[in-house]
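Because the structure is a prediction, the values reported are computed rather than measured. Letters A, B, ... are given to chains in the order of the sequence lines, protein chains preceding strands, and every chain is numbered from 1.
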2 protein chains.
Amino acid sequence: MFLTDKGNQPDISIKVCGYSKMLEIISSKWTVLVFYALENGSARYGEMGRRIEGISKKMLTQTLRQLERDGLVMRHLTPTIPPRVDYSLTPLGESMLKPMFELKKWAIDNFAIVEQARDRFDQTAAAHDFAENE
Amino acid sequence: MFLTDKGNQPDISIKVCGYSKMLEIISSKWTVLVFYALENGSARYGEMGRRIEGISKKMLTQTLRQLERDGLVMRHLTPTIPPRVDYSLTPLGESMLKPMFELKKWAIDNFAIVEQARDRFDQTAAAHDFAENE
DNA sequence: CCGTATCCTCCCGGATACTG
DNA sequence: CAGTATCCGGGAGGATACGG
């Protein structure tokens, strides 16, 4: 932690930053994948489980509950035997699609550049390490 | 993990989802706060440390390195004694501002609704727990 | 089919102390 | 001032088994 003298308090925090509010909603890697699975319409629980690579039942349920709690996703239970459960975006969830799409587009358009930057950075870092071990 | 029969492989994964690429860049809570601190221009290391509530030197450095590695932030060292280091967004970093603004705006406009949804959800969940303990 | 409960491991990130 | 090095505790999340 940094020391902060009185009269010069921190003004950037999770509580006031809009980006942080956003992250609070799409915090985990599973959240975005579930959101992605629902952006074109409703889907069943098991169906999503099979489509999303590497997700466990525990995390699928937990992620869906969290999105449901935030009012972005709704759950529809058909009480047959065995039961059938469909999930879909709420209007609030759908209102997130447009801004999310903008950012997704940025990522798709620029991720190659980011990866090139990473390679350059790792190269020069390695070269630097080599130099100081001589 | 879900079982996936052959011929029905998962098609949603971190590797192909644009949202995941996005999250890979702004993964942590500190990333967005640092980005937020730089969106209006360059800033010094210690200055950011004092402005961002609760961040440690370790995490500030680590977050800046990661953003630098991804090519979103650049580091400018003035080799005086004591040294002075300024950080700022690169053109690539600035190109992220517009889509990020869209999402920030959504969060600011809708976070109250999300919090109301949370309250409702927690209320009904509590009521349900109460009912089944009778 | 759609979950919960339990255990257990791994790694993120905080605290603290030291350096150029 | 601007970092690194080291230690360590807590929580996220995977594996597994069970329940309605």
Look at the side-chain heavy atoms of Ile, Leu, Val, Met, Phe, Trp and Tyr, link any pair under 4.5 Å apart, and say whether F121(A) and L64(B) land in one connected group. no

Spell out, yes or no, whether L89(A) and V85(A) are grouped together once hydrophobic residues are joined by side-chain heavy atoms under 4.5 Å, including indirect joins. yes

Does the side chain of I55(B) reach to within under 4.5 Å of the side chain of M1(A), using non-hydrogen atoms? no

Who pairs with [X] by side-chain contact (heavy atoms from CB on, under 4.5 Å), at least two apart in sequence or on another chain?
X	result
I12(A)	L33(B), Y36(B), A37(B), R51(B), I52(B)
P10(A)	T4(A), E53(B)
K58(B)	S56(B), Q62(B)
V16(B)	S13(B)

Which pairs of donor and acceptor atoms, one on a side chain in residues 107-115 of chain A, lie under 3.5 Å apart (sequence neighbours left out)?
{"from": "D109(A)", "atom 1": "OD2", "to": "K105(A)", "atom 2": "NZ", "distance (Å)": "2.8"}
{"from": "N110(A)", "atom 1": "ND2", "to": "W106(A)", "atom 2": "O", "distance (Å)": "2.9"}

Nucleotides bounding contact with chain A, strand DNA chain D, heavy-atom threshold 4.0 Å: dG13(D) to dG20(D)

What's the [atom1]-[atom2] distance between [X] and [N], to the nearest Å?
X	N	atom1	atom2	value
Y45(A)	dC2(C)	OH	P	8 Å
F2(B)	dC2(C)	CZ	P	8 Å
M48(A)	dC2(C)	CE	P	11 Å
Q66(A)	dG3(C)	CD	P	16 Å

Suppose the criterion is salt bridge (charged side-chain N to carboxylate O under 4.0 Å, His left out): which pairs have a residue in [range], not counting sequence neighbours?
range	result
residues 31-49 of chain B	E39(B)-K104(B)
residues 70-83 of chain B	R118(A)-D70(B)
residues 82-92 of chain A	R84(A)-D86(A)

Please tabulate, one pair per line, each protein N/O and nucleotide N/O from nucleotides 14-20 of chain C that are separated by under 3.5 Å, including the distance.
{"from": "dG14(C)", "atom 1": "O6", "to": "K58(B)", "atom 2": "NZ", "distance (Å)": "2.3"}

Residue-phosphate contact under 4.0 Å: Y87(A) side-chain N/O, dC2(C) OP1/OP2: no

Looking only at atom types and distance, does a side-chain atom of T90(B) sit under 3.5 Å from a main-chain N or O of M74(B), one as donor and one as acceptor? no

Scan residues 69-79 of chain B against DNA chain D and write down, sorted by residue number, each residue with any heavy atom closer than 4.0 Å; if none is found, say none. R75(B)

Determine whether more than 12 heavy atoms belonging to other residues, nucleotides or ligands lie under 6.0 Å from atom CD1 of I81(B). no

If the helix axis at each end comes from five base pairs, how far does the helix from dC1(C)-dG20(D) to dG20(C)-dC1(D) deviate from straight, to 10°? 50°

If you assign each of T61(A) and S28(B) to its closest nucleotide in DNA chain C, which residue comes earlier from the 5' end? T61(A)

